[in-house]
Amino acid sequence: MGRSPCCEKAHTNKGAWTKDEDQRLINYIRAHGEGNWRSLPKSAGLLRCGKSCRLRWINYLRPDLKRGNFSEEEDEIIIKLHSLLGNRWSLIAGRLPGRTDNEIKNYWNTHIKRKLISSGVDPQTHRPRSSGPPSKDNSSSAHDSTTTEEESCVDLELSIGLPSHSHSSKYMKSASSSSAESKSIHDFLWPLGF
DNA sequence: AAGCAACACAACCGCGACCCA
DNA sequence: CTGGGTCGCGGTTGTGTTGCT
């Protein structure tokens, strides 16, 4: 449909940010606050697309970011939240102060996913992986009589009306921006300490 | 020491939702 | 009500780093 590009690509830098660009962005946001990303680059004297500025600020420059390795506790929280929320990284990030959705997404894809797979757990369903090819009917997956934590999470998820994460991730966008659902998730997670 | 592969993470892209004239 | 502009999100890619042979 010819959606107009978010910025004039011919006049924008791409790739890694320089220290000077970082500093300009920090200075500008300190002075004027976040928001209006579209016009920010011009106002701040940056040859960057607004989206790029927003991403850089949120994922790297924000003063409240907690850099460094994820703790074991954070690992567990991410796994639990992922089992409940699926790939809604922004919601998961909202439960981990100082962490960003991008950071969590990367961490999930590079560390946790592998960790779960190596321990025999399907990272998408959080259920034990069967040795054969993945079947569509995962009710038949190898379950013993013990109730796993993942299982109880899924039960809880169903009980609070969250959509199954086997659905397309696209639905999540509306869900993540739905304040009503966010609230219900919040209400659900809060007592659990999230 | 050099070459290669695997890993880690920053950044980009495209899409859908939201907002407002 | 509608359409354009903007924002935010998740998926994906690109590149630097580290480890291994």
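Letters go in sequence order (proteins before strands), and every chain restarts at 1. Heavy-atom basis, side chains included; hydrogens, waters and symmetry copies ignored. From a predicted model like this one, the values you see are computed outputs, not experimental measurements.
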Does A:R88 place a side-chain N or O at less than 4.0 Å from the phosphate oxygens OP1/OP2 of C:dG8? no
Testing B:dA11, B:dC7, C:dG8 for proximity to the side chain of A:R114, the answer is B:dC7
Of the listed C:dT12, B:dC12, B:dC9, the closest approach to the A:N109 side chain comes from C:dT12
Of the candidates C:dG8, C:dG10, B:dA11, the side chain of A:N102 sits closest to B:dA11
Testing B:dC9, B:dA10, C:dG10 for proximity to the side chain of A:H111, the answer is B:dC9
In whole angstroms, the gap separating P of B:dA11 from CG of A:D22 amounts to 8 Å
Rounded to the nearest 0.5 angstrom, the CG-CG distance for A:D20 and A:L46 is 8.0 Å
For A:K66, is there an ion pair with A:E74 - N to carboxylate O distance below 4.0 angstrom? yes
To the nearest angstrom, the CD1-C1' distance between A:I112 and B:dC9 comes to 15 Å
A:H82 atom NE2 is separated from C:dG11 atom C1', nearest whole Å, by 13 Å
Between A:W37 and C:dG8, does any side-chain N or O lie under 4.0 Å from OP1 or OP2?
-> yes
Atom CG of A:L55 and atom C1' of C:dT12 are separated, to the nearest Å, by 13 Å
Is any side-chain nitrogen or oxygen of A:R54 closer than 4.0 Å to OP1 or OP2 of C:dG8? yes
In whole angstroms, the gap separating C1' of C:dG10 from CG of A:N87 amounts to 8 Å
Exercise for the section: Could you tell me whether the phosphate oxygens of C:dC9, OP1 or OP2, come under 4.0 Å of any side-chain nitrogen or oxygen in A:S90? Expected result: yes
Taking A:R95 for its side chain and A:I92 for its backbone only, find out whether a donor-acceptor pair lies under 3.5 Å. no
Here the distance between atom C1' of B:dC12 and atom NZ of A:K105, to the nearest Å, is 10 Å
Ranking B:dA11, B:dA10, C:dC9 by distance to the side chain of A:N106, first place goes to B:dA10
Side-chain atoms of A:K51 come closest, of C:dG10, B:dC13, B:dA11, to B:dC13
Separation of B:dC9 atom C1' from A:Y107 atom OH, nearest Å, is 13 Å
* Distance only, no hydrogens: is a donor on one side chain within 3.5 Å (strictly under) of an acceptor on the other, for A:H111 and A:D75? -> no
query = Does A:W108 put a side-chain nitrogen or oxygen below 4.0 Å from OP1 or OP2 of C:dG10?
reply = no
With a 3.5 Å cut-off and no angle check, do the side chains of A:E103 and A:N59 form a donor-acceptor pair?
no
Verify, without hydrogens or angle tests, whether A:H82 (side chain) and A:I78 (backbone) share a donor-acceptor contact under 3.5 angstrom.
-> no
Whole-Å distance, A:K113 NZ to B:dA6 C1', equals 16 Å
Which is true for A:N36 with a 4.0 Å heavy-atom rule: it touches a base, it touches only sugar-phosphate, or it touches nothing? sugar-phosphate
If the cut-off is 4.0 Å, is A:S52 near the phosphate of B:dC12, judged by side-chain N/O to OP1 or OP2? yes
Closest of C:dG11, B:dG14, B:dC13 to the A:K14 side chain is B:dC13
